[in-house]
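As the structure lists them, so they are numbered: ligands from 1, and atoms in each ligand from 1.
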Amino acid sequence: MTKTSFKPRVFSGIKPSGGLQLGNYLGAIKRWVDMQGPNFETVYCVVDLHAITVWQDPAELAAGTREIAAGMLASGIDPEKSILFNQSRVSAHAELGWIFNCVARVGWMDRMTQWKDKAGKNAEKQSLGLYAYPSLMAADILLYHATHVPVGEDQKQHVELTRDIAAKFNHDYKTEFFPLTTPVIEGPAMRVMNLRDGTKKMSKSGESDMERINMTDDADTISKKLKKARTDPAPLPETLEGLAGRPEARNLVDIYAALSDRTAEQVIAEFAGAGWGTFKPALADLAVEKLAPISVEMKRLMADPAEIDRILRKGAERARAIAEPILARTYEIVGLQRG
Ligand code: TRP
């Protein structure tokens, strides 16, 4: 018997709510770029249906979808090597999401920490979509029979839920149709924190623009923000343990490490004992070198929305070619007739 060669398939998604910032790049996109190549088939999605689980201004949603796509392309997602598309162009996501709403249990959703954090005491005022969000996420992944899902630590629970949904579907319908997916969790350096408060995650929607690096920031802005980032007065320690309890310092070291493809230990070894007057300019120069070209390319792409749409449309066609037979088989297994 010949062994059929099997190329693992990677799926990941990013929400188009607000612009793209350094956390999205170092925490997700940079890694997705590195996974392209002979070892994996890579499918990357701008998850616009997820974005509307909270209110989105329609014009901003459309612009945000193109901005995220431009950022992915500018960062090195190659539409020849990867399938790049936006979720709403492939209606199978919503259809499989519905079936999974009928597989997943309310109790499972109640246990999702992201739901608990986001909904808080106001759960009754949230959209039903926000509650069911993880079930749509499971559909995103399983529609491609994806085996590897690179996500940040905060999404690990949702990928584990995806396994639970696949297992229950397989059990209920006495099939082995859906594979059990593995979350591929990023290393610790990948969680980029706020430049003004190192205990908070860098986000697209903070009060001050100085607390984040936007992927559209130009060289001067990137440099200024990093030089003005909050720190404590102590110099850099001799070892990584010396950064304990110093979240802002730790964050800048982690950013340096991620941008230079090194470990935080290596960065500390190089800068042991250095003051911020040495480290911050070095970090600013490195960040400008790595990020400014992405920002320039992103702006060039965003000036031509028709070209971005053309790429997303083509990606959606390729995505549909994989997703539709899987959805059709799912309908059959469930006993839904469409013929
Ligand atoms: N929930 C993810 C986030 O907020 C985005 C997402 C949606 C996703 N569908 C996905 C990530 C499928 C990985 C795979 O970051």
Side-chain angles (χ1 to χ4, degrees), residues 8-32 35 40-54 56 61 64-65 68-69 71-72 77 82-90 92-97 100-101 104 108-109 112-119 126-127 129-166 178-186 190-192 201-205 315 319 322-323 326:
R9 190 178 283 147
V10 172
F11 183 97
S12 202
I14 186 165
K15 258 188 307 195
S17 38
L20 206 60
Q21 40 82 21
L22 185 64
N24 304 120
Y25 175 66
L26 291 180
I29 298 172
K30 185 168 183 288
R31 190 134 193 261
W32 301 356
M35 291 180 101
F40 296 107
E41 185 179 351
T42 42
V43 184
Y44 298 129
C45 184
V46 184
V47 289
D48 46 10
L49 294 173
H50 282 271
I52 62 166
T53 54
V54 297
Q56 301 295 324
L61 177 62
T65 300
I68 301 285
M72 291 167 78
I77 301 286
S82 293
I83 297 181
L84 172 64
F85 71 108
N86 63 306
Q87 191 183 25
S88 56
R89 278 201 164 91
V90 180
H93 287 254
E95 294 178 68
L96 187 62
F100 287 168
N101 281 346
W108 300 0
M109 299 296 151
M112 294 294 113
T113 52
Q114 197 174 56
W115 160 254
K116 288 194 267 189
D117 291 348
K118 280 198 177 180
Q126 303 301 328
S127 74
L130 186 68
Y131 187 60
Y133 180 118
S135 160
L136 180 61
M137 179 163 162
D140 299 338
I141 296 166
L142 294 173
L143 201 46
Y144 300 88
H145 278 191
T147 44
H148 292 67
V149 180
V151 284
E153 187 64 38
D154 62 332
Q155 294 298 316
K156 189 172 169 217
Q157 197 185 27
H158 292 161
V159 181
E160 285 162 358
L161 183 92
T162 300
R163 290 170 74 90
D164 293 342
I165 291 178
F178 287 114
L180 303 184
T181 309
T182 324
V184 184
I185 303 298
E186 345 263 326
M190 296 302 171
R191 195 170 148 88
V192 180
K201 202 172 154 180
M202 185 181 285
S203 88
K204 327 181 207 196
S205 55
I322 302 171
I326 291 180

Side-chain donor or acceptor of Q157 paired with backbone N/O of T113 under 3.5 Å:
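Judged by distance alone, yes, a pair lies under 3.5 Å.
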
Taking only residues two or more places apart in sequence or in another chain, which ones pass salt bridge (Lys or Arg N to Asp or Glu O under 4.0 Å) with K118?
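K118 satisfies salt bridge (Lys or Arg N to Asp or Glu O under 4.0 Å) with no other residue.
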
Separation between [atom1] of [X] and [atom2] of [Y], rounded to the nearest 0.5 Å:
| X | Y | atom1 | atom2 | value |
| --- | --- | --- | --- | --- |
| T65 | Q87 | OG1 | CD | 10.0 Å |
| H93 | S88 | NE2 | OG | 9.5 Å |
| Q56 | S17 | CD | OG | 5.0 Å |

Ligand 1: which protein N/O atoms lie under 3.5 Å from its N/O atoms?
| from | atom 1 | to | atom 2 | distance (Å) |
| --- | --- | --- | --- | --- |
| ligand 1 | 1 (N) | Y133 | OH | 2.8 |
| ligand 1 | 1 (N) | Q155 | OE1 | 2.9 |
| ligand 1 | 4 (O) | Y133 | OH | 2.9 |
| ligand 1 | 4 (O) | Q155 | NE2 | 3.3 |
| ligand 1 | 9 (N) | D140 | OD2 | 2.7 |

Parallel under 30°, tilted from 30 to 60°, perpendicular over 60°: which one fits the rings of H50 and Y133?
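Judged by the thresholds at 30° and 60°, the geometry between H50 and Y133 is perpendicular.
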
